[in-house]
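Here's the structure we're looking at; comments come further down.
The figures that follow rest on heavy atoms only: side chains count, while hydrogens, waters and symmetry mates do not. Within every chain, numbering begins at 1; the chains are lettered A, B, ... in the order of the sequence lines, protein sequences first and strands thereafter.
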2 protein chains.
Amino acid sequence: MSATMADVAREAGVSASTVSRTFSLPETVRADTRERVLAVARRLDFSPNRTASSLARGRTGALGLLVPDIANPYFGEIVKSVQRRARTADRALFLTETGDAHDEAYGLAKAMARQTDGLLLAGPRMPEDMLRSLAAAGPVALIGLHVPQTDCAYAELPVGMRQAVRHLAALGHRRIVYVNGTRTARTAGFRRLMRAACDEFRVELVEHLGPFDLTYDNGRAAADLVPTSGATAVIAHNDMVAHGVAGGLARQGRSVPGDFSLITVDDTYLARAIHPALTAVHVPIDAMGAHGVDLLLARIADPQGPPRLVALPTALTVRESTGRAPAP
Amino acid sequence: MSATMADVAREAGVSASTVSRTFSLPETVRADTRERVLAVARRLDFSPNRTASSLARGRTGALGLLVPDIANPYFGEIVKSVQRRARTADRALFLTETGDAHDEAYGLAKAMARQTDGLLLAGPRMPEDMLRSLAAAGPVALIGLHVPQTDCAYAELPVGMRQAVRHLAALGHRRIVYVNGTRTARTAGFRRLMRAACDEFRVELVEHLGPFDLTYDNGRAAADLVPTSGATAVIAHNDMVAHGVAGGLARQGRSVPGDFSLITVDDTYLARAIHPALTAVHVPIDAMGAHGVDLLLARIADPQGPPRLVALPTALTVRESTGRAPAP
DNA sequence: CTGAAAGCGCTAACAT
DNA sequence: ATGTTAGCGCTTTCAG
């Protein structure tokens, strides 16, 4: 089929080792022989067989990325940034969608670990012990999730959330609803955080809306509960839900931000792509993906090193969906 | 490190060949020895090394998927369906984002071809001769694009588009705008098609809006040109653009469908996730992805077989964004 | 049904 | 700076 190093070696009058070296350690071969080899390689349309190389080296050069749901814009943007970073590091990327089932996700991760040098888990909906077990078995980095003793790149929400509540308080809102998610590790800390922020700014927090799956439809459903809650502002756990809340309120003939203010968390393109554009707690998804890759590469290079956490800052981005609270 | 077939063979008192067979050709080994081997394998936590297997077999078991833009919901849904189908076929999936540069995309495809058994190109923005050259070099299937003499799974737009125009005509619209895209192979045929449909239903077609890049922002920009066009309805080339058009019209204080009717093409979740929900020419993205994988697998199995086209039907889905034309 | 032997194409000491 | 020599772990004739 395709030419091998042996072919090139013969044609160029050198040994296979030299051919190998001109591709992997170019500096170690004299310039003129290198040129000769490359010329022959070009003529024969040769390029090294990655599989053979992987076998001999004992590593594949590929990374694996697992996400719960590819079509979700949040994960879509993560996949995008991971893919980019992986490429600049000259690593190929395996992608797998895990869905929500823990055991299945675990199995998929295990399987993928066998054909990659390391695993990136984005927002895994998996118990911590499974995550730890995976991390113990091979290089693993987490994206968008904070698990102690594990390499992870995540968004530090407190600052952004506090800004969000302060923003609403400053606009005169005294009672706000938080539409929360379910099954995400973020939820617990996130709720505690919201309480603290609301206490600080003397805002009442209505929290019974949820937990929901983080879907558009659930956001719409949540919107139906908002008017009777006595609240004048809503904070939604992510953009899909916020989108749904906005849609639901619009359907009821409510105006945003006239009747209700709305703040979203994540800030994918969706937050800008609706009318009114959503005020958002911006999560640096891009940076999370890139740092995740870097953490993983570092872990691969040094399996024994201490675990590293990269906490990325969040901040409020004010757009059109927040305004003064309506007069009581 | 991890156990090898030789280890298992020794422990089980058989040869490495037998271990190999119990994993790849289980029927060819007697039930009791198979059980014995599997028991040892389980005990040693052994599973076959994919890389070694790939090298020996001469194929990797992996497929490669190239998309221009992962974060675009259209491609996100394609990635999702391809990934699913690949998994049921027990194939791992490499993912690469190509961006818009032809040459780079070509290079990435070439590189990926070396580490996979075949390539899936989704909506490639690449000249036909490059595509053909890739297809000549190894198994390739196209998704969402019709290129003669090549395996491809694509949506047959005529039926859906004709229904869209007829729908608008029936609602009394006499002049419609088509916001078209650029750099997609779909564009040329699509425009011809629109003309034909409009002629058939005696509707005037205003086509000077574009070509645009298919982004939300360009949709918003396009919306600014709509009111002066004299048209009462808009058909947008994809959901992102339609989304932008809707946002732009809303910002101008125009009502949809009160002042303008709007139809989108593709029908990703975005089409349902805005208010009003968009009437759409539904493109069966899921089926396209699945068929793409099937075509590729067939091609891999039989490199010499005749090229196959899979044309999936489209149809109009009426939602809330279309209504009677306003009185003149 | 099972085993022995010869690779798959490349890499990495070790020698020269 | 280059060549020699063993593999990496699995698959696959070919014998038995």
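Residue whose closest nucleotide on DNA chain C sits further toward the 5' end, between B:Leu55 and B:Arg36: B:Arg36.
For the OP1/OP2 pair of D:dA1 and a distance below 4.0 Å, the side-chain nitrogens and oxygens of A:Thr33 include no atom meeting the criterion. Remark: B:Thr18 is in phosphate contact with C:dG3, judged by side-chain N or O atoms under 4.0 Å from OP1 or OP2.
Residue pairs meeting the salt bridge (charged side-chain N to carboxylate O under 4.0 Å, His left out) criterion with at least one member in residues 30-45 of chain A, sequence neighbours excluded, are A:Glu11-A:Arg43, A:Arg30-A:Asp32. For residues 129-145 of chain B, the pairs satisfying salt bridge (charged side-chain N to carboxylate O under 4.0 Å, His left out) are B:Glu128-B:Arg132, with sequence neighbours left out. The salt bridge (charged side-chain N to carboxylate O under 4.0 Å, His left out) pairs that include a residue from residues 48-65 of chain B number zero, where partners must be two or more places apart or lie in different chains.
Under the side chain to side chain donor-acceptor pair (under 3.5 Å) criterion, B:Arg308 pairs with no residue, sequence neighbours left out. Residues passing the side chain to side chain donor-acceptor pair (under 3.5 Å) test with B:Thr28: none are found, sequence neighbours excluded. In this view, A:Arg87 satisfies the side chain to side chain donor-acceptor pair (under 3.5 Å) rule with no residue, not counting sequence neighbours.
Axis deviation across the helix from C:dC1-D:dG16 to C:dT16-D:dA1 amounts to 30°, comparing end segments of five pairs, rounded to 10 degrees.
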B/S/- along nucleotides 10-15 of chain C (protein heavy atoms under 4.0 Å) is BBBB--
Atom pairs and distances, side-chain donor-acceptor, residues 291-307 of chain B, under 3.5 Å, sequence neighbours left out:
| unit_1 | atom_1 | unit_2 | atom_2 | d |
| --- | --- | --- | --- | --- |
| B:Asp294 | OD1 | B:Arg85 | NE | 3.0 |
| B:Asp294 | OD1 | B:Arg85 | NH2 | 3.3 |
| B:Asp294 | OD2 | B:Arg85 | NH2 | 2.6 |
| B:Arg299 | NE | B:Asp151 | OD2 | 2.6 |
| B:Arg299 | NH1 | B:Asp302 | O | 3.2 |
| B:Arg299 | NH1 | B:Pro303 | O | 3.1 |
| B:Arg299 | NH1 | B:Gly305 | O | 2.9 |
| B:Arg299 | NH2 | B:Asp151 | OD1 | 3.2 |
| B:Arg299 | NH2 | B:Asp151 | OD2 | 3.0 |
| B:Arg299 | NH2 | B:Gly305 | O | 3.3 |
| B:Arg299 | NH2 | B:Pro306 | O | 3.2 |
| B:Asp302 | OD1 | B:Gln304 | N | 3.2 |
| B:Asp302 | OD1 | B:Gly305 | N | 3.2 |
| B:Asp302 | OD2 | B:Gly305 | N | 3.4 |

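Distance, B:Arg34 CZ to C:dT2 C1': 14 Å, rounded to whole Å.
A distance of 12.5 Å separates CG of B:Leu134 from CE of B:Met112, quoted to the nearest 0.5 Å.
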